[in-house]
Amino acid sequence: MVLIPLIFAGYACSKPERPIKENPEKPNILWLVAENYKLDFGCYGAENVYTPNIDSLASNGVKYTRVFSTSPVCAPSRSAFMTGMYQTTTDMHHMRSHREDDYRLPEGVRPLTHRLQDAGYFTANISFIKDHEVGTGKLDLNFVNEGAVYQSDDWQALRDHQPFFAQINLPEAEYDIYDRKSAEKPRVKWVGEDIHPKIANAENVSIPPYYPDHPITREEWARYLNSASGMDVRIGTILQQLRTDGLADNTVVVFFADNGRLEARGIHWMWDTGIHVPMIITWPESFPAPPQYQPGSTNKQVISLLDLTATTLWMAGIPKPEGMQSRNFMGSEPDTPRIYAFSARDRIDETENRIRSVRGERYHYLRNYLPGTGFTSLNRYKEKCFLVKPLMRRLHAEGKLTGAAAELMEPLPYEQLYDTQQDPHEINNLIDSQHPEHLRVLDEMRTALDLSLIHI
């Protein structure tokens with residue numbers, strides 16, 4: 001992007017406001033948690049977005065391209081990566097469960113932040129930096145009886161409490177979809193420049209083939225892409241303040257999303273649109289980088305978002321607890337790389353589904369355990385948020401849907417197999433293919449799911 005040098009001129013030249021204590025012996029760690037995004041940023045090749053800050057993170061860090069959440073919805077996914085255990089193992093697999101009962105985490109399972117605090121880390125969940133609202137403070141965990149998860153919400157406290165582990169939950173995607181007022185959002189100023197991040201519109205977006213080409217579909221798609229551009233502005237504010245406060249050289253920054261894209265066929269569903277998430281890690285200059293870290297590189301290994309837990313512990317110099325299902329993917333002695341990432345979808349709100357997923361480098365296998373369920377299953381949240389759903393119901397009833405959009409209105413088959421390299425939209429189910437390669441892959445992935453910890 002030609003404007004990146006301009007955007008980051010102020011960021012690079014900012015000076016600390018006051019002296020801070022000597023560098024901590026361990027790095028600070030900052031999680032920037034995007035809510036409901038697939039890989040829809042410029043550095044991943046997305047069009048009709050303007051994301052110079054995220055793109056700069058990628059050009060200065062490591063961009064991961066095959067990271068998959070353990071659930072296509074927030075609470076189970078967050079419960080998994082905040083404990084390092086699959087949500088199905090810990091009985092936290094249903095959406096927003098255990099909010100009003102006496103559920104406790106199983107013996108030996110603890111929140112990540114508690115382990116970090118024991119090792120001397122100060123923990124914070126940040127919503128505001130000075131007068132700027134940069135996050136929501138959201139946790140949305142399926143455990144509520146373990147005591148305070150974080151110690152503070154004060155950004156200013158970080159300078160005097162190092163090493164720290166801080167989380168900022170970024171709000172843009174949900175905000176844009178819920179209020180449907182992208183056109184009314186004010187311009188934002190960053191580093192003295194007037195920036196309008198609304199690049200996408202109903203005329204220039206490309207609609208996936210599983211949706212009808214209709215003004216409602218195009219408007220929803222443009223709102224989502226513009227929310228990515230809007231979120232990037234918040235990230236710029238955070239990174240600028242990190243530099244201003246003299247913390248950038250001591251802080252590992254991890255940008256990732258909790259689950260996949262906020263679209264009708266994305267969030268809640270087990271296709272890549274619901275579980276394929278971005279992740280970018282930048283390493284600070286004051287600490288030796290792990291051997292896997294090459295600035296500006298792309299990592300294509302299969303990683304479960306669950307693995308962020310053990311890897312964050314490794315960053316803090318904390319051994320992975322025995323029995324933790326998360327795998328560390330960094331350091332001189334990382335855990336065995338994954339062949340497959342496993343994901344699960346269960347009850348979400350009032351909607352009952354049970355789907356399991358096995359994702360490899362190229363192929364994606366899904367199994368549906370509840371016959372008759374699928375995209376048309378009623379969910380009040382989704383009917384409200386995505387006007388394309390009632391639109392498709394109407395068009396389907398009128399016989400006006402064709403191709404992949406019409407097929408989406410049918411119940412899910414028991415099994416699905418997709419070649420994501422040849423079919424990135426996952427609309428050509430290969431489950432009945434007699435091609436030798438497909439038969440081999442299907443047998444291996446069926447077996448992997450039957451033996452997996454997320455099968456039940």
Side-chain angles (χ1 to χ4, degrees), residues 68-73 75-77 86-89 91-97 208-211 259-260 263-275 340-359 363-383 386 388-390 392-397 399 401-420 423 425-434 438-439 441-456:
F68 303 94
S69 60
T70 62
S71 172
V73 70
S77 175
Y86 287 110
Q87 69 274 9
T88 49
T89 301
D91 189 30
M92 295 191 288
H93 50 297
H94 295 306
M95 177 61 171
R96 296 195 174 119
S97 53
Y210 46 78
Y211 289 141
N259 52 256
E263 60 157 309
R265 190 185 179 263
I267 184 175
H268 293 190
W269 296 111
M270 298 290 284
W271 296 290
D272 270 6
T273 46
I275 62 172
Y340 300 122
F342 298 93
S343 306
R345 180 248 158 98
D346 291 279
R347 179 190 58 74
I348 298 177
D349 306 325
E350 76 278 19
T351 309
E352 295 284 349
N353 283 107
R354 183 171 174 233
I355 309 172
R356 300 295 185 261
S357 161
V358 183
R359 183 58 158 85
Y363 291 94
H364 190 187
Y365 171 72
L366 302 92
R367 187 182 296 173
N368 174 44
Y369 288 91
L370 291 183
T373 60
F375 180 76
T376 59
S377 298
L378 184 65
N379 181 279
R380 288 188 290 271
Y381 162 89
K382 300 200 79 171
E383 300 291 332
F386 306 105
V388 71
K389 283 205 72 175
M392 291 180 70
R393 293 185 194 278
R394 176 174 62 81
L395 294 178
H396 186 57
L401 288 184
T402 60
E407 293 175 5
L408 187 57
M409 305 303 286
E410 301 299 323
L412 290 174
Y414 176 62
E415 293 179 299
Q416 300 167 73
L417 179 68
Y418 298 104
D419 180 347
T420 64
D423 177 25
H425 292 295
E426 296 179 306
I427 58 177
N428 181 25
N429 187 2
L430 302 174
I431 204 68
D432 295 323
S433 171
Q434 296 303 303
H438 299 158
L439 291 172
V441 169
L442 179 59
D443 181 63
E444 291 179 359
M445 299 185 95
R446 279 172 171 165
T447 301
L449 179 58
D450 290 339
L451 297 176
S452 74
L453 297 169
I454 209 164
H455 170 54
I456 297 175

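Predicted, not measured: the structure shown is a model, and the values here were computed from it.
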Distance check, rounded to the nearest 0.5 Å: Arg380 atom CZ versus Glu350 atom CD?
4.0 Å
Nearest heavy atoms of Leu370 and Thr373, plus distance in Å:
O-OG1, 2.7 Å
Separation between CG of Asp423 and CG of Leu430, rounded to the nearest 0.5 Å
7.0 Å
Looking at residues at least two apart in the chain, or sitting in another chain, which of them share a side-chain contact (heavy atoms from CB on, under 4.5 Å) with Thr420?
Asp272, Arg359, His364, Glu426
side-chain contact (heavy atoms from CB on, under 4.5 Å), that's the test. Do Asn353 and Ile348 meet it? Break it down for me.
CA-CA 8 Å; Asn353 283 107; Ile348 298 177; over 6 Å; no
Could you list the residues that satisfy side chain to side chain donor-acceptor pair (under 3.5 Å) with Thr351, not counting sequence neighbours?
Asn379
Answer yes or no: is there a side-chain heavy-atom contact under 4.5 Å between Met409 and Leu395?
no
Who passes ring-ring contact (aromatic ring centres under 6.0 Å, His included) against Phe342, sequence neighbours left out?
none
Of the non-hydrogen atoms in His396 and Ala406, which two are nearest, and what is the gap between them?
CE1-O, 4.3 Å
Heavy-atom check, side chain of Phe386 versus side chain of Ile267, under 4.5 Å:
yes
For Trp269 against Phe375, the heavy-atom pair lying closest together:
CZ2-CA, 3.5 Å
Sequence neighbours excluded, the answer for side chain to side chain donor-acceptor pair (under 3.5 Å) partners of Thr70 is Gln87
Are any non-hydrogen side-chain atoms of Asn429 and Pro413 less than 4.5 angstrom apart?
yes
Contacts of Leu439 meeting side-chain contact (heavy atoms from CB on, under 4.5 Å) (sequence neighbours excluded), chain-then-number -> Gln434
Is there a side-chain contact between Pro209 and Ile427 (heavy atoms, below 4.5 Å)?
yes
If I compare all heavy atoms of Pro76 with all of Met95, which pair ends up nearest, and what's the gap?
CD-SD, 3.9 Å
What distance do Phe68 atom CZ and Ser357 atom OG have between them, rounded to the nearest 0.5 Å?
8.5 Å
In Å and rounded to the nearest 0.5 Å, what is the CZ to CD distance from Arg345 to Glu352?
9.0 Å
Applying side chain to side chain donor-acceptor pair (under 3.5 Å), which residue pairs with at least one partner in residues 409-418 are found, sequence neighbours left out?
Trp271-Gln416, Tyr365-Glu415, Glu415-Arg446, Gln416-Tyr418
Tyr210 and Arg265 have their tightest heavy-atom pair at CD1-CD, 3.2 Å
If we ignore angles and hydrogens, is there a donor and acceptor under 3.5 Å between the side chains of Asn259 and Ser69?
no
Excluding sequence neighbours, so at least two apart, what forms salt bridge (charged side-chain N to carboxylate O under 4.0 Å, His left out) with Glu444?
Arg440
How many angstroms lie between atom CE of Met92 and atom CG of Asp346, to the nearest 0.5 angstrom?
13.0 Å
Heavy-atom distance under 4.5 Å between the side chains of His438 and Tyr363, does that happen here?
yes
With sequence neighbours excluded, residues passing side-chain contact (heavy atoms from CB on, under 4.5 Å) with Pro390
Glu383
Please report the shortest heavy-atom distance between Thr376 and Arg393, naming the atom on each side.
O-NH2, 2.9 Å
CD (Glu263) and NZ (Lys389) are apart, to the nearest 0.5 Å, by 12.0 Å
Residue list, side-chain contact (heavy atoms from CB on, under 4.5 Å) with Pro411, at least two apart or on another chain
none
Under the side chain to side chain donor-acceptor pair (under 3.5 Å) test, residues paired with Asp419 that sit two or more places apart:
Arg362
Of all residues at least two apart in sequence or in a different chain, which pass the side chain to side chain donor-acceptor pair (under 3.5 Å) check with Thr447?
none
